[in-house]
2 protein chains.
Amino acid sequence: MQTPGFRRPAVNAKLEHMFLGQYRHTLDEKGRLTIPARFREELSGGAYLTQGFDHNLRLLTESSFEAISGKLSQMKTTDPTTRDLRRLIFAAASQVDFDQAGRILIPQFLREVASLESDAVIVGVGETIEIWSPGAWEAQVMRLRDVESNSERFSELEL
Amino acid sequence: MQTPGFRRPAVNAKLEHMFLGQYRHTLDEKGRLTIPARFREELSGGAYLTQGFDHNLRLLTESSFEAISGKLSQMKTTDPTTRDLRRLIFAAASQVDFDQAGRILIPQFLREVASLESDAVIVGVGETIEIWSPGAWEAQVMRLRDVESNSERFSELEL
DNA sequence: ACACTTTTTGCCACTTTTACCCACAATTAC
DNA sequence: GTAATTGTGGGTAAAAGTGGCAAAAAGTGT
């Protein structure tokens with residue numbers, strides 16, 4: 001929050017990594033997907049692709065991935081849920097590189113996880129990026145449009 | 001948001017963070033919209049465009065947006081509601097820049113959200129700015145003119 | 001080990017989109 | 001009335017996204 005009466009200098013102390021917006025890109029037969037140019041710089045330090053929680057994929061910056069793996073390591077191995085979570089994240093994860101055109105290669109098994117075929121929706125979700133099949137994303141949007149449930153949830157945020 | 005009970009020093013003649021009035025501007029084929037000159041200075045530190053609650057768009061200052069995104073980031077990713085909420089806000093948001101003429105580019109998917117075509121109504125609503133399609137705004141105005149229902153609804157507010 | 005096929009990877013070129021700039025008209029201020 | 005500001009349109013150069021080609025790598029079978 002900003003100090004009252006204080007004006008932020010024009011030299012923008014820009015917001016740390018924030019992925020915003022949604023983009024529909026094609027996925028070629030080789031499984032290559034162009035990542036929106038606006039997202040690339042933030043990922044240039046290294047990018048990790050893993051299975052998401054909702055029939056989608058998550059593309060993480062190196063620091064985000066490290067933060068997650070750190071937390072997972074601290075959790076008790078004796079807890080079955082912990083072991084499942086580790087399998088979900090690590091077994092399905094892969095470090096990805098960009099080619100000159102800003103594309104990443106999505107491994108076959110990850111494409112299957114998210115039912116990706118010829119097109120994909122790339123969604124900025126703050127700290128991370130999600131990759132959806134158009135159909136699954138559409139279903140997700142429809143669910144979110146359910147105004148009734150939304151107003152309940154929104155109230156938590158006091159917007 | 002302002003600290004409760006804190007009064008801005010009198011040195012500042014005009015009120016800050018106060019967007020007032022309504023303007024009807026054109027939206028060209030490229031999706032560019034001129035923001036009223038009176039609103040620009042306040043947004044010069046960075047502006048964010050997001051989906052509104054009533055079939056419209058909201059244009060926020062950087063600090064307003066930071067307040068929202070800060071709350072979202074603190075929530076647990078493993079909670080499904082958190083993930084939904086983030087998608088609702090972040091996926092439907094976009095950081096926007098001004099060109100030399102004081103225009104912003106409204107991404108295609110956000111134009112669709114608010115049914116924006118060749119014209120838009122830009123409304124100052126105190127802390128934030130709303131962008132409406134002329135039709136939706138007209139309907140909104142009609143509803144507010146319904147004095148009967150208003151007197152009921154607002155009577156509880158002790159203004 | 002060698003030739004041959006298949007897959008992967010990097011590169012280039014085309015098309016579309018976006019950003020940037022300038023000019024004009026209309027409005028507002030002086 | 002004149003000058004400055006504001007809103008609008010368009011043109012141009014740069015960047016982004018896409019598809020395809022070719023070199024490199026990895027497998028495959030004899």
Side-chain angles (χ1 to χ4, degrees), chain A residues 10 12 14 19-44 46-49 57 59 94-112 116-124 129-134 137, chain B residues 13-14 19-44 46-49 57 59 93-112 116-124 129-134 137:
Chain A
N12 204 352
K14 86 175 173 187
F19 300 110
L20 301 174
Q22 49 189 281
Y23 303 82
R24 181 167 182 150
H25 286 176
T26 58
L27 194 69
D28 66 21
E29 325 82 54
K30 301 170 189 172
R32 295 182 301 182
L33 179 68
T34 304
I35 300 301
R38 295 206 175 153
F39 293 174
R40 282 178 215 158
E41 198 194 345
E42 202 59 58
L43 295 165
S44 60
Y48 293 83
L49 190 62
L57 304 180
L59 183 61
S94 95
Q95 205 242 325
V96 291
D97 301 300
F98 287 86
D99 69 7
Q100 272 192 333
R103 289 175 290 198
I104 60 170
L105 179 68
I106 302 181
Q108 177 64 33
F109 72 93
L110 282 179
R111 267 176 271 163
E112 285 166 11
L116 293 173
E117 290 175 17
S118 62
D119 290 83
V121 181
I122 302 150
V123 185
I129 296 165
E130 291 179 348
I131 299 172
W132 296 73
S133 74
W137 175 247
Chain B
K14 71 174 181 183
F19 301 108
L20 300 173
Q22 50 186 281
Y23 304 81
R24 179 165 183 152
H25 286 175
T26 58
L27 192 70
D28 66 23
E29 325 82 54
K30 298 176 184 174
R32 296 180 299 184
L33 178 69
T34 304
I35 299 302
R38 296 200 177 152
F39 292 175
R40 283 177 213 160
E41 198 197 345
E42 200 60 59
L43 296 165
S44 61
Y48 291 82
L49 192 61
L57 303 179
L59 184 60
S94 167
Q95 203 246 324
V96 291
D97 301 300
F98 287 86
D99 68 7
Q100 275 190 331
R103 290 174 291 195
I104 60 169
L105 178 70
I106 302 181
Q108 177 67 32
F109 72 90
L110 283 179
R111 268 176 270 163
E112 285 167 12
L116 293 173
E117 290 174 17
S118 61
D119 290 84
V121 181
I122 302 150
V123 186
I129 297 165
E130 291 179 349
I131 299 172
W132 297 73
S133 73
W137 174 246

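None of the values given here were measured: they were computed from a predicted structure. A note on names: the letters A, B, ... follow the listed sequences, proteins ahead of strands, and every chain is numbered from 1.
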Please figure out whether A:A101 or A:L105 has its closest DNA chain C nucleotide nearer the 5' end.
A:L105

Please report, rounded to the nearest Å, how far the [atom2] atom of [N] is from the [atom1] atom of [X].
X: B:F39; N: D:dG7; atom1: CZ; atom2: P; answer: 10 Å
X: B:R24; N: C:dT27; atom1: CZ; atom2: C1'; answer: 18 Å
X: A:D97; N: C:dG10; atom1: CG; atom2: C1'; answer: 12 Å
X: B:Y23; N: C:dT27; atom1: OH; atom2: P; answer: 15 Å

Write down the protein N/O and nucleotide N/O pairs, taken from nucleotides 10-16 of chain D, whose separation is under 3.5 Å; answer none if there are no such pairs.
| unit_1 | atom_1 | unit_2 | atom_2 | d |
| --- | --- | --- | --- | --- |
| D:dG10 | N7 | B:R32 | NH2 | 3.1 |
| D:dG10 | O6 | B:R32 | NH1 | 2.7 |
| D:dG10 | O6 | B:R32 | NH2 | 3.3 |
| D:dG11 | O6 | B:K30 | NZ | 2.4 |

A:I122 backbone acceptor or donor facing A:R24 side chain under 3.5 Å:
no

Side chain A:R40, main chain A:I35, donor-acceptor under 3.5 Å
yes

Could you walk me through whether A:Y23 and B:F109 satisfy the ring-ring contact (aromatic ring centres under 6.0 Å, His included) test, starting with their C-alpha distance in whole Å, then the side-chain angles of each, then the deciding distance to 0.1 Å, before giving a yes or no?
CA-CA 9 Å; A:Y23 303 82; B:F109 72 90; 7.4 Å; no

Tell me, do B:V96 and B:Y48 make a side-chain contact under 4.5 Å, heavy atoms counted?
no

D:dG9 phosphate, OP1 or OP2, under 4.0 Å from B:T26 side-chain N/O:
yes

Phosphate OP1/OP2 of C:dC11: any A:Q100 side-chain N/O under 4.0 Å:
yes

Derivation and outcome, side chain to side chain contact (heavy atoms under 4.5 Å, CB included), residues B:R111 and B:L27:
CA-CA 10 Å; B:R111 268 176 270 163; B:L27 192 70; 4.1 Å; yes

Which residue is it: B:T34, B:I131, B:V121? I am looking for the one with a side chain to side chain contact (heavy atoms under 4.5 Å, CB included) to B:H25.
B:T34

